Participant: 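Sharing a structure here in structure tokens format.
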Amino acid sequence: MIVRVQAEDFDPEQEAQALAVTGAGARVSFVGTVRDFNATARVTALEIEHYPRMTEAELTRVAHEAQRTWGLLDVLVVHRYGRLHAGDRIVLVVTWALHRKAAFRGCEEIIDVLKTRAPFWKKEITGDGDIWIEGETPQT
Amino acid sequence: MIVRVQAEDFDPEQEAQALAVTGAGARVSFVGTVRDFNATARVTALEIEHYPRMTEAELTRVAHEAQRTWGLLDVLVVHRYGRLHAGDRIVLVVTWALHRKAAFRGCEEIIDVLKTRAPFWKKEITGDGDIWIEGETPQT
Amino acid sequence: MVTVRCFASVREALGLSLCTYALERPMSAEAVLAAVAGERLSTLPTRPLVAINMQHGRLESLVHDGDELAFFPPVSGG
Amino acid sequence: MVTVRCFASVREALGLSLCTYALERPMSAEAVLAAVAGERLSTLPTRPLVAINMQHGRLESLVHDGDELAFFPPVSGG
């Protein structure tokens with residue numbers, strides 16, 4: 001299992017190859033990217049703040065839970081922080097399983113739970129000031 | 001949209017990059033690979049036969065249906081035929097959407113429907129003779 | 001004239017990959033199969049599936065001059 | 001002594017990123033926040049979320065010497 005938080009961009013295929021998982025019949029990858037900004041809002045960038053060490057700890061918990069629930073052979077999670085622009089990759093989740101259902105369910109669960117529990121916060125940078133994007137409340 | 005049937009291997013990331021989709025917030029990729037063979041069965045390879053032209057036509061129908069149903073921004077399907085070995089990639093399905101639910105549902109639907117409708121047939125090659133893998137009956 | 005293709009275990013059982021058949025009257029896909037397979041038809045363990053002009057169809061469907069028929073077992077791709 | 005961190009809009013509202021607080025008696029996480037935020041606490045539009053030792057917790061939870069507390073708004077990653 002690899003869980004990493006970084007400012008740098010990543011190559012989804014190179015990341016997945018690095019784990020060198022064997023015996024899997026199915027691999028599902030999710031790549032989240034910055035959508036085009038609303039032109040009228042004059043948004044020029046996105047700034048992602050995070051809570052160092054807790055992000056890794058929480059992502060690891062989320063990945064382990066999904067691995068147990070769905071019997072995943074392996075899991076990879078990479079999440080970026082810092083300043084991002086339209087089209088930039090934000091997050092990568094890859095799951096390996098014997099069969100496709102487990103790989104799909106596990107991958108989707110990780111990104112769903114990540115969005116409610118991993119301590120990241122997004123701010124839109126505009127010419128008129130910055131706007132925090134409203135987040136989701138984690139279940140404790 | 002790209003739909004391709006080929007004997008050659010593919011690089012999932014290069015294939016996805018070739019479509020150069022913009023404006024998507026989510027991309028989901030499924031890669032199906034040949035699982036390890038049952039050692040006792042002395043299986044040495046997998047041979048995939050297909051119905052040229054109908055495979056492309058059927059995969060295109062499946063991709064269009066999912067695109068309509070889930071509002072996908074784009075779809076990529078690559079499926080191999082010929083002789084494959086344990087660990088080899090067989091199929092790639094990539095979906096792009098504004099939001100992750102649509103990308104996940106669309107990708108999963110394409111691979112599910114492909115498995116019941118696309119005219120491919122798998123045979124296990126063993127030292128003692130070849131065994132056709134039992135398939136799924138397509139809904140007409 | 002219709003084109004008839006067979007795939008996978010159907011191809012092997014019938015020893016038939018590709019042939020043409022001259023339609024003398026409207027016939028079902030199944031009747032065309034019986035005509036081109038001859039006595040080897042009985043070697044098929046179950047009724048095969050059919051595609052007509054590269055779309056999944058029914059064995060009961062009538063086929064027309066110029067159609068391409070294909071017979072095969074349940075698919076197993078992906 | 002506990003460590004207190006604030007993130008995102010909570011950090012900006014309180015003007016507080018990182019500080020320590022000397023616990024004199026067992027206190028709730030919320031009471032620690034009130035103590036370190038002072039009068040700026042009222043600038044928070046809602047009660048923040050809390051993590052205790054890098055796990056999501058409750059504002060009512062008692063904190064102990066050596067704990068690391070973090071206060072922040074709902075998360076918005078992914």
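In what follows, chains are A, B, ... by sequence order, proteins preceding strands, each numbered from 1. These numbers were taken from a predicted model, which means no experiment stands behind them.
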Participant: Mind checking which of residues 53-77 of chain A sit less than 4.5 Å from chain B, heavy atom to heavy atom?
Facilitator: none

Participant: Side chain from CB out, backbone as N, CA, C, O: work out which of these in A/E15 comes under 4.5 Å of a heavy atom of chain B, or both, or neither.
Facilitator: neither

Participant: Could you tell me which portion of B/D11 (side chain, backbone, both or neither) has an atom closer than 4.5 angstrom to a non-hydrogen atom of chain A?
Facilitator: side chain

Participant: Do the side chains of A/E108 and B/R100 get close enough for a salt bridge, i.e. N-O under 4.0 angstrom?
Facilitator: no

Participant: Locate the shortest heavy-atom distance separating B/V28 from A/F30; write the atom from each residue and the value.
Facilitator: CG2-CD1, 3.8 Å

Participant: Ion pair present between B/E47 and B/K123, side-chain N to carboxylate O less than 4.0 angstrom?
Facilitator: no

Participant: Pick from A/G87, A/A103, A/G32, A/C107: which one has the most heavy-atom pairs with chain B under 4.5 Å?
Facilitator: A/C107

Participant: Specify the closest pair of heavy atoms between B/K122 and B/W132, including all atoms of both residues, with the distance to one decimal.
Facilitator: O-CE3, 3.5 Å

Participant: Name the orientation class of the two ring planes belonging to B/H50 and B/F120 (parallel below 30°, tilted from 30 to 60°, perpendicular beyond 60°).
Facilitator: parallel

Participant: Could you tell me whether A/E13 and A/R27 have a side-chain N and a carboxylate O separated by less than 4.0 Å?
Facilitator: yes

Participant: In plain terms, say whether A/D112 and A/R105 are close enough for a salt bridge, that is, a side-chain N and a carboxylate O under 4.0 Å apart.
Facilitator: no

Participant: Measuring heavy-atom distances to chain B, does A/I90 have an atom under 4.5 Å in its side chain, in its backbone, in both, or in neither?
Facilitator: neither

Participant: Does the B/R35 side chain pair with the main chain of B/A86, one donor and one acceptor, at a distance under 3.5 Å?
Facilitator: no

